[in-house]
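Note that these values count all heavy atoms, side chains included, but never hydrogens, waters or copies made by symmetry. Treat the numbers as computed from the prediction; the structure is a model and nothing was measured.
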Amino acid sequence: GVTISGPGVSGEIRTDNGEGVGIQIGYGFTPRIIVLVTADLANQASNFMGLEGKMGLAHVEFGARLSYPQPGKRAAPYVSAQYGVHALAARSVGREGPAPIIRLYGTHFGGGAGVLYALTPALALDAGLLASRGKFGKAELTGKGNVIGDVDVNSSTTTRIKVGFNWHP
């Protein structure tokens, strides 16, 4: 989950942990160094006033991963670093007509660690943990009219556990 607080927020916006999906595309310069573009979306419960029960948390990132493969070993640990944008969005309730969408977004940076476990020469199981820190310092309200502006908030941390497969053609 994520917590957004600060002078520009009435109370505190807090979400619970939730499931999500993601995709990662990378290019390996060497067997150890890979540049990545990653996108993921999670569905998280929230009880913030005036919003429906679920909020979407999205990350789009550019980063690099440094792995430590060992000859003859199937497991290769890695560390990663990323920079990107994140957004939290939900539909507002209690109004007539189409429900406006509220979005908070901003930039973040982070890092992570994990393990690639080779199942075949071309397919590996990937398990890792990512943590990002940044501000959701922009707000957008869409509906009858669009409102966009800065929001004075504190930095927030998001953590993600990822499990998936890496295919190396």
Polar side-chain atom of [X] near backbone of [Y] as donor-acceptor pair, under 3.5 Å:
X	Y	value
T120	A122	yes
R32	Y68	no
S156	T3	yes
R74	A118	yes

Is any side-chain heavy atom of [Y] closer than 4.5 Å to one of [X]?
X	Y	answer
L119	F165	yes
E61	V37	no
I33	L66	yes

Value rounded to 0.5 Å, distance of [atom1] in [X] from [atom2] in [Y]:
X	Y	atom1	atom2	result
L141	R103	CG	CZ	10.0 Å
N154	K135	CG	NZ	7.0 Å
D16	M55	CG	CE	11.5 Å
H168	N166	NE2	CG	5.0 Å
L129	K162	CG	NZ	10.0 Å
L41	I23	CG	CD1	13.0 Å

Taking all atoms of both residues into account, what is the closest heavy-atom pair of [X] and [Y], and its distance?
X	Y	answer
T157	V2	O-CG2, 4.2 Å
D126	R65	OD2-NH1, 3.7 Å
F136	L104	CD2-O, 3.5 Å
L36	G26	CD2-CA, 3.8 Å
I4	L88	CD1-CD2, 3.7 Å
V151	G8	CG1-O, 3.7 Å

Ring geometry between H108 and H59 (parallel below 30°, tilted from 30 to 60°, perpendicular above 60°):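 Answer is perpendicular, since the angle exceeds 60°.
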Heavy atoms from other residues, nucleotides or ligands near CG of L123 exceed 12 (cutoff 6.0 Å):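 Counting other residues, nucleotides and ligands, CG of L123 exceeds 12 neighbours.
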side-chain contact (heavy atoms from CB on, under 4.5 Å) between T15 and L57, worked out: CA-CA 9 Å; T15 66; L57 176 62; 5.7 Å; no
Evaluation steps, side-chain contact (heavy atoms from CB on, under 4.5 Å), between Y105 and V85: CA-CA 7 Å; Y105 59 94; V85 295; over 6 Å; no
Those residues that, when tested against F29, pass ring pair (Phe, Tyr, Trp, His ring centres under 6.0 Å) (two or more places apart):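 Here the qualifying residues are Y27.
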